[in-house]
**Q** 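Take a look at this one; I'll ask things after.
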Amino acid sequence: MDKRYDAKAAEAKWYPIWENNGYFHAEPSEGGVPYSVVIPPPNVTGILHMGHALNQTIQDVLVRWRRMSGFNTLWLPGTDHAGIATQNVVEKALKKEGKRRQDLGREAFVARVWEWKKQYGGTIVHQQRMLGNSTDWKRERFTFDEGCSRAVAKVFTQLYNEGLIYKGNYIVNWCPRCGTALANDEVEHEPNHGHFWYIRYPVVGSAKGTQGEPYKDYVMVATTRPETLPGDTAVAVNPKDERYAHLLGKTVILPLTGREIPVIADDYVDREFGTGIVKITPAHDPNDFLVGKRHNLAEINIMNDDGSMNELAGAKYCGMDRWKCREAIVADLEAGGFLDHIEDLDNQVGHCYRCHEVVESRLSKQWFVKMKPLAEPAIEAVKSGEVRFVPDRWSKIYFNWMNNIQDWCISRQLWWGHRIPAYTCSKCGELIVSETAPTKCPKCGASSTDGQTVFDQDPDVLDTWFSSWLWPFSTMGWPEKTDDLDFYYPTTDLVTAQDIIFFWVARMMMAGIHFMKKPPFKNIVIHGIVRDAQGRKMSKSLGNSLDPLELIDTYSADALRFSLALITSLDCDTKVDKSKFEIGRNFATKIWNAARFMEMNREAMPQEGSGGEVGRFDGQTVFGQLSPDEQHILYACDLACRKVNDLLEKYRIQDGALAVYDFFWTQICDWFVEYAKDAPDKPRAFSILRDVYWKALRLLHPYMPFVTEEVAHQLGYLKDGETILKAEFPKGLSDEEKAKLGLTEEIYDFVNAKREAITALRALRAEYKVNPAAFVKVTIDARDAATADRLRAEEANLKAFMRAEAVEIVSDGADRAMPGTLTKLGTVYLSLEGLIDKAAEAKRVAAELEKTRGFIKSIDAKLSNENFVAHAPAAIVEGQKTKRAELVENVARLEKLAKLFA
RNA sequence: GGGCUAUUAGCUCAGUUGGUUAGAGCGCUUCCUUGACAUGGAAGAGGUCAGUAGUUCGAAUCUACUAUAGCCCACCA
């Protein structure tokens, strides 16, 4: 084996082998227990970021673990066509050529986007391979591919026929830059330092004023959006507001237009806010729209698609950009004497989640999905426990949103996306919703084939999420009946970040239940967002993003995955900075070096046919009674296997990583490898080392797939053509196996206590500045003769670990004029032959005495408390008593020592 | 305005049904280049668990309030 682990070479080598040999491929026909996951499809325009890296590391850990555990495991990959995002990307490219999409025309533009997708759309799926994702690439899907498109058309048609899709003239959020409607949750509200303009609306019938004041009586209206003034069709006051009661029924003059508009009363108006008088612009404000509906007001849409003003805004403003128009209107109001004053105001302004343009509320004709009927069973599924959120607290947020759900605006004025399957008969005007283009009008009977009529398809496309919400079943072949759907639906786990619970998770729940009659997954695993070291969201504009590909280049994919797993917690966001990834890289190095150690000691391995009875390790049979250290490592290995399985079962990816890390590094490398170097029976020790190392490799594989595969082959655990991916994930040993090997908690504790003695001796060496290379004389005063005998059997081991020329083991409890440290196994003395710093030692002993006495005091307080004895469980009380006895014994020893050093 | 979450060592976080005098990694200090590994080894310092009041025999853990931070939802014109 090379001195250094070449991660790049290993990662480049293994991925294609895995993929090309179909190790990731899942087949329903192979039967067994299904475990399935669909990937949250990244945008086809996307490039891999830390969020993907975290999300997919979690999924791959779960998937590889399940696969190795014998489940028929499917992880289904794919990408999202990402309507607005993709269209924007291609439009930008066109702009560089000096063209707009309109110059190409719809068909050519869409063709161009497909062309773009073909050329660049594979970027992210190649980057996902760099991460090591074990996704079944043979099933890769795209939300806009033929099958998904068929599912979309079918779903739209069905919902329409069920009366759950309707078309209407409503206020929607409109992005002037993208030129499309947005759903409510696609609008991001951000704080804004703006102004509040106070405008006087003259009351009709009041007397003329002096110069510059055409009217004496005004109503004072405060607005943040003066440019919408030409669209006003009323001013409103609260019906209970006595200040303005006299105005009801009157009309006021809309400044700059001269139009008369009524003063109306509506509960919506807050008496306390502003002046208590609101201008009502039904076509440009969602609340005003509702007020307008209640009062039968006209709706005057004064804006064009691109955010410029139209002719209804008045000849002067027509064609002006909305911001220019704001300036112009404010100037004109001032010139006309209508502007009273301006105040600063902090409010919230909506921005497009895609391009960040300020969103306009605007009246337009759009398609909507009625959500309430779909939401109810989706709420029930989580309430009943059929579907579970991990961590559970997200269910509260889910309920909160689902209970207040609003209809979903699904039409988008884009060209890239699923065209709405709605057609209008040019002859009779009938609206026909149909999965495929109609040829005959169901109303007037006119046929398109003989030219009697033409069926015009709705120009709009559907919201991207309208295809994503079908992802768990459209990707498995729905609406066809398929084996995949039969076997893998519903999926087992859905793993995603918190930010798309509403966009995606909630809607998948609704679609799954409505169309498949079963929720699309059993567990919804929600993880946090990756943030920078200061806790800020990673973003391009802040320049604080870490590039996973760069990290893979520097530290390796295994390092990236392991470090992310180790530092991430499902309960909160993950803060990362570059240095964190050293953990994973260092760990890979450690694994490699431990492997090299075994490789270099190949001759120490038991030879074929050496035969034996006690235990079987990796097919090699060994002789003889296992030593305590050997039993300890086997016991620790068993604990680790159980722990990792248990933790992964609970989605505690981080704790699982820590458990493997600790077992590998502390138990195997720090202790057992050192033991093996001087083991009494080297073939047996190495045989055991080989066994636990192989188990550790498999425990680690879900986290670090590449280095584990590479090492497994280097060490000959696997032959060519085999893969660790399909190796069995270690479970715990059976009670029978444990009994046969003599693996007991007692022996485990004994070795831990022995290690404590070794550590204590090392501490003494460090404290007294003994040359690390020097061999010392050690005396251990065990508590009793039996323990002394036991320790004597460990003499060689103690000598090696303590770097001692002699280890004397006694149980006489005699005072020794040497520095000593108390451990569970008694007192460890280091012979310094006169070099003792009595004062320092006395101080140390005094400190320990004080600590121990304090401990005893706190236990006494408990034991003398009648309530404690009466209420606490017996085991706890007994434990306290045992502990106390030990402490008392220690105090006696310490007091003796203190006398010696006095 | 409503909801959720967090506050434990210098930093990032564990601490899952309340029960030894609170743990890990990184960082820091001291020592060590002995053939697996300096991307390493050994030892060590460092915390009155945000605050207050309660419940309890017993609280980092449960309750209330307070402070601070963050997130989500919501139409304050």
Side-chain angles (χ1 to χ4, degrees), chain A residues 1 3-5 184-185 189 196 221-225 236 268-270 272-281 285-290 345 347-348 361 393-394 396-397 400-401 404 498-499 501-502 528-529 531 533 535 555 559 566-569 571-577 579-580 582-601 650 652 654-655 658 661-662 669-670 673-674 677 759 762-767 769-773 803 851-852 854-855 857-859 861-862 865-873 875-877 879-880 882-884 887:
Chain A
M1 286 176 77
K3 191 154 168 48
R4 292 174 69 95
Y5 169 55
N184 286 337
D185 47 16
H189 292 272
F196 217 14
V221 170
T223 181
T224 54
R225 299 198 310 156
Y268 152 68
V269 181
D270 180 349
E272 309 304 319
F273 192 79
T275 60
I277 306 180
V278 190
K279 69 192 213 47
I280 300 296
T281 323
D285 184 280
N287 294 304
D288 293 6
F289 176 76
L290 296 173
L345 181 83
N347 61 351
Q348 301 267 321
S361 288
R393 64 191 166 88
W394 292 108
K396 283 186 215 162
I397 289 162
N400 192 34
W401 191 73
N404 298 298
Q498 64 216 32
D499 52 351
I501 293 181
F502 306 138
I529 290 168
R531 298 176 176 277
Y555 300 104
L566 194 64
I567 63 179
T568 208
S569 153
D571 289 319
C572 51
D573 288 350
T574 302
K575 290 185 196 170
V576 300
D577 65 276
S579 64
K580 288 267 173 20
E582 290 175 6
I583 303 171
R585 182 204 48 190
N586 296 355
F587 190 32
T589 305
K590 191 72 181 175
I591 291 154
W592 183 257
N593 282 316
R596 283 182 65 222
F597 171 78
M598 294 196 331
E599 189 63 12
M600 287 171 174
N601 288 279
K650 293 173 181 155
R652 291 170 60 172
Q654 179 185 37
D655 297 335
L658 194 62
Y661 184 83
D662 178 65
C669 295
D670 288 349
V673 161
E674 295 305 321
K677 285 176 182 170
T759 301
R762 286 171 173 172
L764 286 173
R765 290 183 67 126
E767 194 177 345
K769 308 222 183 318
V770 176
N771 178 356
R803 201 165 177 82
K851 196 176 162 191
T852 313
F855 205 156
K857 217 173 144 189
S858 86
I859 291 179
K862 276 183 203 171
N865 182 334
E866 284 170 28
N867 284 322
F868 172 72
V869 180
H871 291 94
I876 299 284
V877 177
Q880 293 284 320
T882 312
K883 184 76 202 171
R884 187 180 189 281
L887 292 169

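Labels below follow one simple rule: chain letters A, B, ... track the order of the sequence lines, proteins then strands, and each chain is numbered from 1.
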**Q** Quick check for you: among B:rC57, B:rG19, B:rC13, whose closest atom lies nearest to any side-chain atom of A:Ile876?
**A** B:rG19

**Q** Is any side-chain nitrogen or oxygen of A:Lys677 closer than 4.0 Å to OP1 or OP2 of B:rU34?
**A** no

**Q** Would you classify A:Glu599 as touching base, sugar-phosphate or nothing, given that sugar-phosphate means primed atoms plus P, OP1 and OP2, and contacts are heavy atoms under 4.0 Å?
**A** nothing

**Q** How many whole angstroms separate atom CG of A:Asn865 from atom P of B:rG19?
**A** 17 Å

**Q** Identify each atom pair where a protein N or O and an N or O of nucleotides 74-77 of chain B are less than 3.5 Å apart, giving names and distance.
**A**
{"from": "B:rC75", "atom 1": "O4'", "to": "A:Asn287", "atom 2": "ND2", "distance (Å)": "3.4"}
{"from": "B:rC75", "atom 1": "O2'", "to": "A:Asn287", "atom 2": "ND2", "distance (Å)": "3.4"}
{"from": "B:rC75", "atom 1": "N1", "to": "A:Asn287", "atom 2": "OD1", "distance (Å)": "3.3"}
{"from": "B:rC75", "atom 1": "N1", "to": "A:Asn287", "atom 2": "ND2", "distance (Å)": "3.4"}
{"from": "B:rC75", "atom 1": "O2", "to": "A:Asn287", "atom 2": "OD1", "distance (Å)": "3.4"}
{"from": "B:rC75", "atom 1": "O2", "to": "A:Asn287", "atom 2": "ND2", "distance (Å)": "3.2"}
{"from": "B:rC76", "atom 1": "O2", "to": "A:Asp270", "atom 2": "OD2", "distance (Å)": "3.2"}
{"from": "B:rA77", "atom 1": "N6", "to": "A:Asp270", "atom 2": "O", "distance (Å)": "2.7"}
{"from": "B:rA77", "atom 1": "N6", "to": "A:Phe273", "atom 2": "O", "distance (Å)": "2.5"}
{"from": "B:rA77", "atom 1": "N1", "to": "A:Asp270", "atom 2": "N", "distance (Å)": "3.1"}

**Q** Please list, for nucleotides 43-47 of chain B, all pairs of protein and nucleotide N/O atoms separated by less than 3.5 Å.
**A**
none

**Q** Considering every strand and a 4.0 Å limit on heavy-atom distances, what is the contact class for A:Lys769: base, sugar-phosphate, or nothing?
**A** nothing

**Q** Please tell me which of the listed nucleotides, B:rA36, B:rG40, B:rC31, lies nearest to the side chain of A:Asn586?
**A** B:rG40

**Q** NA contact type, A:Val221, heavy-atom cut-off 4.0 Å: base, sugar-phosphate, or nothing?
**A** nothing

**Q** Check side-chain hydrogen bond (donor to acceptor under 3.5 Å, both in side chains) between A:Asp655 and all other residues, then give those that pass, not counting sequence neighbours.
**A** A:Arg652

**Q** Tabulate protein N/O versus nucleotide N/O from nucleotides 2-12 of chain B, keeping only pairs under 3.5 Å, one per line.
**A**
{"from": "B:rU5", "atom 1": "OP1", "to": "A:Lys396", "atom 2": "NZ", "distance (Å)": "3.4"}

**Q** Report the distance from atom CG of A:Asn601 to atom P of B:rG35, rounded to the nearest whole Å.
**A** 14 Å

**Q** Could you tell me how far apart A:Lys862 (NZ) and B:rG19 (P) are, to the nearest whole angstrom?
**A** 10 Å

**Q** Under the salt bridge (Lys or Arg N to Asp or Glu O under 4.0 Å) test, which residues partner A:Arg762, sequence neighbours left out?
**A** none

**Q** Just the rounded figure in Å: distance from P of B:rC13 to CG of A:Leu566.
**A** 13 Å

**Q** In chain order, what residues pass the salt bridge (Lys or Arg N to Asp or Glu O under 4.0 Å) check against A:Asp499, with sequence neighbours excluded?
**A** none

**Q** Check whether any side-chain N or O of A:Arg531 sits under 3.5 Å from a backbone N or O of A:Val576 as a donor-acceptor pair, and report yes or no.
**A** no

**Q** What integer distance in Å separates A:Met598:CE from B:rG35:P?
**A** 21 Å

